Amino acid sequence: MAGYKLYGSRGTGSDIVEILLRQFGQDVTFVETYGEVLHEAPFKAKNPLSKVPALDLPDGTTIFESAAMILHLCAAHAGPLAPRPGTPDYAHFCQWTVFLSANLYETVLRFNYPDRYTAASDGAEGVKAQASTDLFELFQIVEDRLAPFLLGAEMSAADLYLAMLTLWCVDDLGFGADRFPKVMAALEAAFDHDVAGPIFREAQAVYA
């Protein structure tokens, strides 16, 4: 069977998927995908939402949704960042991955793209303001539970997912170690990670 093929672009949800594929030593082809290509039939067949990432699996099938990719890769490949399936650590890992996807990821999108969430000509400002409030509440939930990582002493892929989402909005929200010291320490640890660090630094350059 062929290796993985990841459709994405730097500074998007494909970052965490690429990190895991490289961490697990998998053969991966990265296909830079953005703009009108997302809306063309070949890519829409892979992800009907016209968003990256999409991931071709070695058997030729395709999945979308970054959280699904995280859970699948961590179940399929043993190694650092991936708790063993069936263990309590894996149960909590699934919990945090879904929490981050369903809550934090969605709210970051509302904050960064408020016009997508209202039909009112003057509604975007209110959407962004509510998203900002929601983000502080969600980061507080995470802050209260980091010890120093989401599963305790050891970093997992969920922590790198958190770091990616934090990186997307930390500057615009204007918080730092004074407000969320454990969140910022976890972000710093992600930047120190051998595989994740270079990818996050490239992503940070996109936002600059």
Side-chain angles (χ1 to χ4, degrees), residues 6-20 33-35 38 47 49-55 63-71 93-120 123-146 149-150 155-191 193 196-197 199-208:
L6 175 62
Y7 300 82
S9 57
R10 187 63 72 237
T12 72
S14 64
D15 288 347
I16 180 62
V17 183
E18 183 181 1
I19 287 167
L20 293 182
T33 309
Y34 57 90
L38 297 169
N47 188 344
L49 297 174
S50 296
K51 298 177 180 178
V52 293
L55 181 65
I63 62 172
F64 57 94
E65 295 293 345
S66 57
M69 296 173 198
I70 293 169
L71 294 174
F93 168 71
C94 292
Q95 168 197 279
W96 282 114
T97 300
V98 173
F99 170 86
L100 293 170
S101 176
N103 295 282
L104 194 56
Y105 199 136
E106 186 275 337
T107 309
V108 171
L109 292 179
R110 279 194 287 122
F111 180 78
N112 285 329
Y113 306 103
D115 54 299
R116 298 179 182 176
Y117 294 84
T118 178
E125 184 176 341
V127 171
K128 190 178 184 74
Q130 183 61 57
S132 177
T133 298
D134 295 343
L135 281 171
F136 276 94
E137 292 177 355
L138 291 167
F139 275 114
Q140 189 62 59
I141 290 172
V142 173
E143 176 75 16
D144 291 343
R145 288 156 178 81
L146 286 167
F149 299 111
L150 288 167
M155 177 186 286
S156 74
D159 297 291
L160 297 181
Y161 199 27
L162 170 64
M164 182 186 77
L165 298 173
T166 304
L167 187 61
W168 288 358
C169 62
V170 61
D171 288 340
D172 288 336
L173 285 175
F175 68 74
D178 55 333
R179 178 67 184 267
F180 297 121
K182 290 189 284 186
V183 169
M184 297 307 293
L187 178 60
E188 183 175 349
F191 269 81
H193 188 271
I199 290 175
F200 283 148
R201 280 188 281 275
E202 288 180 16
Q204 191 175 45
V206 171
Y207 310 138

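Everything numeric in this text was worked out from a predicted model, so none of it was measured.
Note: L187 CG to K182 NZ = 15.5 Å, rounded to the nearest 0.5 Å. Here the straight-line distance linking atom SG of C94 with atom CG of L71 works out to 5.0 Å at 0.5 Å rounding. A distance of 10.0 Å separates OH of Y113 from NZ of K128, quoted to the nearest 0.5 Å. We find the CG-CZ distance between L167 and F191 to be 4.5 Å, quoted to the nearest 0.5 Å. Once rounded to the nearest 0.5 Å, the distance linking CD of Q140 with CZ of R179 reads 6.0 Å. Note: L150 CG to M155 CE = 10.0 Å, rounded to the nearest 0.5 Å.
Within a 6.0 Å radius of CD in E202, more than 12 heavy atoms belonging to other residues, nucleotides or ligands are found. The neighbour count for E125 CD, taken as heavy atoms of other residues, nucleotides or ligands under 6.0 Å away, does not exceed 12.
Looking at every heavy atom in both residues, T118 comes nearest to G123 through CG2-C, 3.6 Å. In terms of heavy-atom proximity, E143 sits nearest to P181 at OE2-CD, 3.1 Å. Between D15 and S9 the shortest heavy-atom distance is OD1-O, 3.9 Å. Across all their heavy atoms, A190 and A163 have their closest contact at CB-CB, 3.5 Å. When all heavy atoms of I19 and I199 are compared, the pair lying nearest together is CG1-CD1, 3.6 Å. Of all heavy-atom pairs between S14 and L6, the closest is O-CD2, 3.7 Å.
The aromatic rings of F175 and F136 stand perpendicular to each other, their planes meeting at an angle above 60°, with 30° marking the opposite boundary.
Side chains of T166 and F180 form no contact here, defined as non-hydrogen atoms less than 4.5 Å apart. Side-chain contact between F200 and H193: absent, with no pair of heavy atoms (C-beta onward) separated by less than 4.5 Å. Contact check for D134 versus R110: side-chain heavy atoms found under the 4.5 Å cut-off. Residues V142 and F99 form a side-chain contact, since some pair of their non-hydrogen atoms from C-beta on lies under 4.5 Å apart. The shortest distance between side-chain heavy atoms of L109 and E106 does not fall below 4.5 Å. Side chains of K51 and T12 form no contact here, defined as non-hydrogen atoms less than 4.5 Å apart.
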Side chain to side chain contact (heavy atoms under 4.5 Å, CB included) between L49 and E65, worked out: CA-CA 10 Å; L49 297 174; E65 295 293 345; 3.8 Å; yes
Worked verdict on I70 versus F93 for side chain to side chain contact (heavy atoms under 4.5 Å, CB included): CA-CA 10 Å; I70 293 169; F93 168 71; 3.6 Å; yes
N103/I141 under side chain to side chain contact (heavy atoms under 4.5 Å, CB included): CA gap, chis, key distance, verdict: CA-CA 11 Å; N103 295 282; I141 290 172; over 6 Å; no
CA sep, side-chain torsions, deciding dist, call: S156, W96, side chain to side chain contact (heavy atoms under 4.5 Å, CB included): CA-CA 10 Å; S156 74; W96 282 114; over 6 Å; no
Salt bridge (Lys or Arg N to Asp or Glu O under 4.0 Å) between R10 and E18, intermediate numbers included: CA-CA 10 Å; R10 187 63 72 237; E18 183 181 1; 2.9 Å; yes
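Residue M69 is tested with I16, L20, V17 for a side-chain contact (heavy atoms from CB on, under 4.5 Å); the sole match is V17.
Between the side chain of S101 and the backbone N or O of T97 there is no donor-acceptor pair closer than 3.5 Å. Judged by distance alone, the side chain of S50 and the main-chain N or O of L38 form a donor-acceptor pair under 3.5 Å. At distances below 3.5 Å, not a single donor-acceptor pair connects side-chain atoms of T107 with backbone N or O atoms of A131.
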